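I have placed the structure first, in the form of structure tokens, so that the comments after it can refer back to it.
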Amino acid sequence: PAAPSHDKALGLLLGGALGDGLGAPFEGREVVEETQLAAWEAAATPLVHTDDTALALVLAAHVAERRDEHGLDRDALAPEFAVAWRAEPWRGYGSGTPHVFGLIGAGVPWRSAARATFGGQGSYGNGAAMRVAPVALVATSLHHAAELGRQSAEVTHAHEHGQNGAACQAAAAYLALRSDRRHRLDAVRFLQDLTRVVRSRLWHEKFDRIAELIRHEAGPAHAARALGNDVSALGSVPLALLAFLTRCDDASMAIRYAVLGGGDTDTIASMAGALAGARNGARAFPEAWTARLEAAEPLGRLADQVTGPLAARP
Ligand code: R7I
Ligand code: MG
Ligand code: MG
Ligand code: MG
């Protein structure tokens, strides 16, 4: 398939950063007041990003670099993540990931490092899902997107849920990129497609619940109770998916819905924002928001790199 349009590629990248920056002040709050969110949306201060976008930038650069191979190299990717964490450890990282990055930086192979946390089972956190959307920009099929997502997760998240979360979000980003905003998005069909690439009963149960919440036009607080809004992959990726699917034609509303769900707001809104931007394009977000993004320039260059003409190989 052809590369996605520049507007959709940029939308995916900026949407992720917008959700991160707009959600970050509310991370960990169970209740987010609409008036507080509206005030933060209308503010003019820079949207400083957290670990979510810091690592998405690394992964985006990694796949952009290998664009003509449509793949990723885990042995190179692991130290690239570790270097980014080492340079800016203050970006709000979880507890397990810095440990993994420290080991990788010390030369421990990523496969062992990723198994060294949480009693040897590895992390089921959402840290692999939160950074994964850019792999969809170079994926050649739905299955390929899920596979790239899974591979990118393996270097830090050994637990199957950490990996399933990344596969799910990567596949959803692929579907969102390929969807045409001039046509209604069929949420049931979208979830059925995800069922084919995320093969886990627990995840399928979440997909069923998402469909039901959409049918009932559930609000964010109710949805957060039904699906979870915590730092686990299984307890956050589904809410992000719902925020996108239920507000799929209004990119700003998708982010707003995700933040109002509370809990891991930067991460859930970042994942929802990437999907919303992938479907609706960068121009769907208010200019006043994107102008505040700390990472607007590097994200713009990455969108150019993945959609521009292929560089000639020596
Ligand atoms: O997955 P990870 O990078 O976390 C991402 C989150 C996002 O909200 C970011 O915005 C940032 O704030 O952090 O980091 P991990 O430390 O691997 O996982 C996150 C949390 O999930 C951990 O701190 C644990 O509380 C929990 N967790 C587990 N607890 C018990 N057993 C993850 N895996 C396990 C586990 O196997
Ligand atoms: Mg964060
Ligand atoms: Mg945090
Ligand atoms: Mg978070």
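Here, residue 1 is the first one in the sequence, and each next residue gets the next number. As the structure lists them, so they are numbered: ligands from 1, and atoms in each ligand from 1. All figures in this text were calculated on a predicted structure; none of them were measured in a lab.
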Exercise. Other hydrophobic cluster members with W90, side-chain heavy atoms of Ile/Leu/Val/Met/Phe/Trp/Tyr under 4.5 Å, chained?
Worked result: none
Seminar exercise, completed: Within 4.0 Å of some non-hydrogen atom of D264, the atoms of ligand 1 are 7 (C), 8 (O)
Exercise. Considering only heavy atoms of Q121, which atoms of ligand 1 have at least one such atom less than 4.0 Å away?
Worked result: 31 (N), 35 (C), 36 (O)
Exercise. Quick one: angle D51 OD1 - the Mg ion (ligand 2) - D52 OD1, to the nearest 10°?
Worked result: 80°
Problem set entry | Heteroatom proximity flag, A128 to ligand 1, N/O under 3.5 Å | no
Exercise. Do any N or O atoms from the side chain of K206 and from the backbone of P238 form a donor-acceptor pair under 3.5 angstrom?
Worked result: no
For this session: May I ask you to decide whether E154 forms a salt bridge with R150, counting only side-chain N to carboxylate O separations under 4.0 Å?
Result: no
Problem set entry | Atom indices of ligand 1 within 4.0 angstrom of G122 heavy atoms, with elements | 36 (O)
For this session: Give a yes/no verdict on whether any heavy atom in E27 is under 4.0 Å from an atom of ligand 1.
Result: yes
For this session: Examine distances only and state if a side-chain atom of N126 and a backbone atom of G162 form a donor-acceptor pair shorter than 3.5 Å.
Result: no
Exercise. Any non-hydrogen atom of S232 lying under 4.0 Å from ligand 1?
Worked result: no
For this session: Answer yes if the side chains of E30 and N229 hold a donor-acceptor pair under 3.5 Å, and no otherwise.
Result: yes
For this session: Return a yes/no value for Y93: is any of its N or O atoms, backbone included, closer than 3.5 angstrom to an N or O of ligand 1?
Result: no
For this session: Establish, yes or no, whether the cationic atom of R131 lies under 6.0 Å from the six-membered ring centre of F81 and within 45° of the ring axis.
Result: yes
Exercise. Near S95, which atoms of ligand 1 are under 4.0 Å from a heavy atom of that residue?
Worked result: 16 (O), 22 (C), 23 (O)
Exercise. Who pairs with A166 by side chain to side chain contact (heavy atoms under 4.5 Å, CB included), at least two apart in sequence or on another chain?
Worked result: A128, V132, A153
For this session: State whether W40 and R292 meet the cation-pi test: NZ (Lys) or CZ (Arg) under 6.0 Å from the six-membered ring centroid, and within 45° of the perpendicular axis.
Result: yes
Exercise. Taking both backbone and side chain into account, is any N, O or S atom of T267 nearer than 2.8 Å to the Mg ion (ligand 4)?
Worked result: yes
Exercise. Just which atoms of ligand 1 are under 4.0 Å from any heavy atom in G92?
Worked result: 11 (C), 12 (O)
Exercise. Side chain, backbone, both or neither: which part of D52 comes within less than 4.0 Å of ligand 1 when only heavy atoms are counted?
Worked result: side chain
Exercise. Under a 4.0 Å N-O cut-off, is there an ion pair linking E34 with R256?
Worked result: no
For this session: State whether the side chain of Q305 and the backbone N or O of A61 hold a donor-acceptor pair below 3.5 Å, judged by distance alone.
Result: no
Exercise. With respect to the Mg ion (ligand 4), what is the nearest N, O or S atom of E27?
Worked result: OE2
Exercise. So which N/O/S atom does D266 have closest to the Mg ion (ligand 4)?
Worked result: OD1
For this session: Run the numbers for me: atoms of ligand 1, each under 4.0 Å from some heavy atom of G94, listed by number.
Result: 11 (C), 13 (O), 14 (O), 16 (O)
For this session: Name the orientation class of the two ring planes belonging to F101 and Y93 (parallel below 30°, tilted from 30 to 60°, perpendicular beyond 60°).
Result: perpendicular
For this session: Could you tell me which N, O or S atom of D264 is nearest to the Mg ion (ligand 4)?
Result: OD1
Problem set entry | D304/R301 salt bridge by N-O under 4.0 Å criterion | no
Exercise. Quick one: which of T97, T156, V231 has a heavy atom closest to atom 14 (O) of ligand 1?
Worked result: T97
For this session: For ligand 1, indicate whether the residue D51 contacts it via side chain, backbone, both or neither (heavy-atom separation under 4.0 Å).
Result: side chain
Exercise. Counting backbone and side-chain atoms alike, does M130 have an N/O/S atom under 2.8 Å from the Mg ion (ligand 2)?
Worked result: no
For this session: May I ask you to check if ligand 1 and M130 share an N or O to N or O distance below 3.5 Å?
Result: no
Exercise. Does a salt bridge link R91 with E294, judged by any charged N lying under 4.0 Å from a carboxylate O?
Worked result: yes
Exercise. Which atoms of ligand 1 are found less than 4.0 Å from any heavy atom of D266?
Worked result: 10 (O)
